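These numbers come from the heavy atoms of this one structure, side chains and all, not from hydrogens, waters or symmetry mates. In what follows, chains are A, B, ... by sequence order, proteins preceding strands, each numbered from 1. Just so we're clear, the structure is a prediction, and the values are computed from it rather than from any experiment.
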Amino acid sequence: MRLSQYFMPVLRDDPKEAEIASHRLMLRTGMVRQEAAGSYSWLPMGFRVLKKIEQIVREEQNRAGALEVLMPTLQSADLWRKSGRYDDYGKEMLRIKDRQDRDLLYGPTNEEMITDIFRSGIQSYKDMPRNLYHIQWKFRDEVRPRFGVMRGREFLMKDAYSFDVTREAGQHAYNKMFVSYLKTFARLGIKAVPMRADTGPIGGDDSHEFLVLADTGESGVFFDGALHDLDWSTIEIDYDNVEAVANMVSEYTSKYAATDEKHDQSEFEKRVPEGKRLSGRGIEVGHIFFFGDKYSKPLGCEVQGPDGKKITVQSGSYGIGVSRLVGGIIEASHDKDGIIWPESVAPFHVGLINLKVGDAEADAACEKIYKALEAKGVEVLYDDRNQPGGAKFAAMDLIGLPWQVIIGPRGLKDGIAEVKNRKTGARENVALDQIVGRFA
RNA sequence: CGGGGCGUAGCGCAGUCUGGUAGCGCACCUGCCUUGGGCGCAGGGGGUCGCGAGUUCGAAUCCCGCCGCCCCGACCA
């Protein structure tokens with residue numbers, strides 16, 4: 001993409017309403033635009049990141065055996081009346097009437113609907129287990145939306161729902177999602193620590209939150225430094241191996257880790273040696289629940305078992321805040337100059353800077369490399385605007401692409417360009433004809 | 001929902017107390033110059049001052065009502 005033809009409204013000053021880094025940087029880099037309290041338009045740069053995160057989440061859900069569906073944003077109130085949550089959910093649920101005066105709502109979550117879909121789609125225990133998920137916009141009318149996309153009212157969420165015959169099978173479904181979350185967050189370039197969580201109003205038997213460590217997190221967290229020492233990046237697992245999956249879950253859950261609501265200082269001190277006691281703040285980016293029959297019972301979600309008798313299914317639900325992750329990743333990965341994108345979610349892989357637009361030699365060298373990178377499928381953002389070098393460096397650091405290729409008269413004399421790593425700041429001179437090979 | 005604050009050009013702000021018909025920086029447009037860390041010179045465009053109703057000869061400014069947004073707290077996938 002040529003920057004001269006892109007839509008990336010970069011702001012030079014910090015917008016006054018943005019207090020925290022991710023919100024400030026997302027607005028400054030033109031990733032999003034606020035439309036109302038807690039509601040954002042996603043502009044090209046932000047949308048690319050959102051889609052990359054979504055795709056990684058999707059791939060890991062699929063790998064763990066979940067099946068993708070898509071449910072509508074608007075739901076009928078009837079389903080919610082049946083589960084008893086229509087009145088319980090309160091003002092956070094956006095209620096709407098259609099022209100026939102029927103009660104609708106903009107879905108804040110989908111337990112009711114998916115349970116109904118599942119029930120009507122299967123008849124026998126032989127059709128289980130199943131795990132269905134979708135990645136869809138939700139709306140929760142938050143009392144106080146804030147922090148940009150981190151606590152918006154409209155947000156993109158992956159929610160999965162498992163259905164099993166027995167409690168043990170349901171536990172395995174829960175464990176599979178647990179492990180898939182570890183893999184997902186590792187691929188996203190962040191460390192999200194699983195912590196035992198309150199089941200809250202959603203209820204249920206077992207629950208874990210996954211929190212990204214960041215100073216601006218909304219929850220205080222206390223955990224065993226040994227969790228940091230585990231290698232998260234290379235998790236290999238056979239999801240059908242019940243024991244292996246369970247072992248991995250217990251490896252991560254045996255260490256002390258708790259949010260401030262669940263924190264027990266004396267237990268913390270008893271279980272974790274002093275030098276390993278870590279505390280800080282975290283952003284919740286995932287939350288998994290095992291329900292048992294809490295939802296399936298009132299909704300009459302039953303199947304016929306081998307003995308001909310009805311069995312109430314065991315269910316769980318598993319959420320990842322996709323749009324929140326955009327902010328969460330920035331919170332965990334930025335410096336004073338701007339964003340530092342992990343390679344897996346960066347909007348572009350390489351930023352190509354032409355330091356002397358209009359100079360025949362510089363233009364030709366940049367064009368050649370730009371076209372070659374594009375031909376190789378390398379995502380490259382070419383800053384071909386006629387602006388002074390300083391402005392280009394500042395902008396490229398701000399948007400935080402992992403690599404910068406800097407081409408100007410000084411290096412061209414010797415047939416070289418500079419390759420800069422945004423994260424480490426390391427610079428390296430590379431021969432022009434070697435550049436493409438570095439990234440392709 | 002309690003407390004506090006803000007709304008004037010795309011962004012950041014001054015002007016409001018003390019009423020006189022709107023200004024600064026950046027950005028933008030034209031031309032020249034320049035090009036290795038937000039460059040320089042000259043010229044130029046852009047605002048129903050959040051909305052409505054009042055007071056007044058005259059309202060960004062005073063009065064009344066409303067709307068929107070932000071921050072702290074309570075709450076929260």
Side-chain angles (χ1 to χ4, degrees), chain A residues 9-20 23-24 27-28 30 33-39 89-93 107-111 136-160 197-204 207-211 217-219 259 261 283-289 317-325 328 336-338 353-359 361-363 383-398 404-413 416-418 420 425 427 429:
Chain A
V10 169
L11 303 175
R12 193 177 169 124
D13 301 308
D14 289 335
K16 67 173 172 186
E17 71 271 20
E19 291 286 316
I20 66 166
H23 191 199
R24 199 181 74 233
L27 291 170
R28 279 203 59 195
R33 198 183 84 111
Q34 181 168 7
E35 300 297 350
S39 167
Y89 216 95
K91 296 184 103 169
E92 274 197 17
M93 186 154 78
T109 179
N110 287 69
E111 278 88 4
Q136 176 64 291
W137 292 92
K138 308 284 190 293
F139 191 95
R140 294 183 192 173
D141 201 353
E142 291 280 345
V143 190
R144 191 183 153 210
R146 64 192 125 157
F147 303 151
V149 300
M150 301 247 285
R151 182 166 290 284
R153 291 193 295 172
E154 189 175 20
F155 57 98
L156 186 63
M157 180 174 170
K158 185 284 300 182
D159 40 327
D198 259 327
T199 49
I202 293 181
S207 174
H208 285 90
E209 290 180 320
F210 289 75
L211 291 105
E218 292 187 83
S219 320
T259 60
E261 294 125 22
I283 299 162
E284 182 187 346
V285 291
H287 201 155
I288 59 179
F289 298 89
S317 89
Y318 315 91
I320 290 180
V322 176
S323 50
R324 173 180 285 185
L325 270 165
K336 66 173 172 44
D337 295 322
I353 296 179
N354 183 348
L355 280 174
K356 194 165 184 178
V357 170
D359 176 83
E361 205 184 340
D363 288 352
D383 190 348
D384 58 341
R385 299 169 306 164
N386 188 8
Q387 285 202 354
K392 295 190 171 192
F393 290 129
M396 201 57 87
D397 284 347
L398 181 68
Q404 297 174 12
V405 173
I406 300 160
I407 294 180
R410 202 167 80 189
L412 282 174
K413 287 203 306 276
I416 57 169
E418 190 173 276
K420 177 182 159 185
R427 298 151 184 277
N429 287 323

Complementary nucleotide for [N] - Watson-Crick or wobble, under 3.5 Å:
N: B/rU16; result: none
N: B/rG73; result: B/rC1
N: B/rC6; result: B/rG68

What does the list of N/O pairs under 3.5 Å between the protein and nucleotides 2-9 of chain B look like, with a distance for each?
unit_1	atom_1	unit_2	atom_2	d
B/rC6	O2'	A/K16	NZ	3.1

* Asked: Excluding sequence neighbours, so at least two apart, what forms ring pair (Phe, Tyr, Trp, His ring centres under 6.0 Å) with A/F155?
  -> none
* How would you list, by chain and number, every residue that makes a ring pair (Phe, Tyr, Trp, His ring centres under 6.0 Å) with A/Y318, sequence neighbours excluded? -> none
* Sequence neighbours excluded, which residues qualify as side chain to side chain contact (heavy atoms under 4.5 Å, CB included) partners of A/P9? -> A/F7, A/L43
* Check side chain to side chain contact (heavy atoms under 4.5 Å, CB included) between A/Q34 and all other residues, then give those that pass, not counting sequence neighbours. => A/E17, A/Y40
* Using atom P of each nucleotide, how far apart are B/rG38 and B/rA27 to the nearest Å? -> 13 Å
* Hey, does A/M396 reach any base, or is it just sugar-phosphate, or nothing, if we go heavy atoms under 4.0 Å? -> nothing
* To do: Just call it for A/A362: base, sugar-phosphate, or nothing, with non-hydrogen atoms closer than 4.0 Å on any strand.
  => nothing
* Structure fact -> Scoring nucleotides 34-40 of chain B by protein non-hydrogen atoms under 4.0 Å (B base, S sugar-phosphate only, - none) yields BBBBBB-
* For A/D14 and A/R28, run side chain to side chain contact (heavy atoms under 4.5 Å, CB included): C-alpha distance rounded to whole Å, both residues' side-chain angles, the deciding distance at 0.1 Å, then the answer. => CA-CA 7 Å; A/D14 289 335; A/R28 279 203 59 195; 2.8 Å; yes
